[in-house]
Amino acid sequence: MSGRRRLGDATDRVRIDPTACEGIGMCAHVAPGVIGVDSWGYPVLPPTEVGGRDLRAARSAISACPRRALFLASEYAR
């Protein structure tokens, strides 16, 4: 398989590096419809892939994270 993604080959999921996250909650303020926070301020991520407006909001939250703890991971269907 080449490095190109074809429609339907991959999904984008929001992931977190738990050692980098300090529970600041900036991500939830930037993308409240996509990312929530628990009672300690740590992100609660969507259990499924994100797309459309949610993907744009997730990218904004990733960019806003002061600890760079969030990222998008592509998962290829097998």
Salt bridge (charged side-chain N to carboxylate O under 4.0 Å, His left out) contacts in which one or both residues fall within residues 62-74, not counting sequence neighbours
Glu22-Arg67
With sequence neighbours left out, what residues match Ile62 under side-chain contact (heavy atoms from CB on, under 4.5 Å)?
Leu70, Leu72
Using a side-chain heavy atom cutoff under 4.5 Å and only I, L, V, M, F, W and Y, what cluster partners does Phe71 have?
none
Which pairs with one or both residues in residues 33-46 pass side-chain hydrogen bond (donor to acceptor under 3.5 Å, both in side chains), sequence neighbours excluded?
none
Name all pairs fulfilling the salt bridge (charged side-chain N to carboxylate O under 4.0 Å, His left out) condition that reach into residues 25-37, sequence neighbours left out, sorted by first residue then second.
none
Verify same cluster id: Leu45, Ile24 (apolar side-chain graph, 4.5 Å):
no
For residues 25-37, dump all side-chain donor-acceptor pairs below 3.5 Å to protein atoms at least two apart in sequence or in another chain.
none

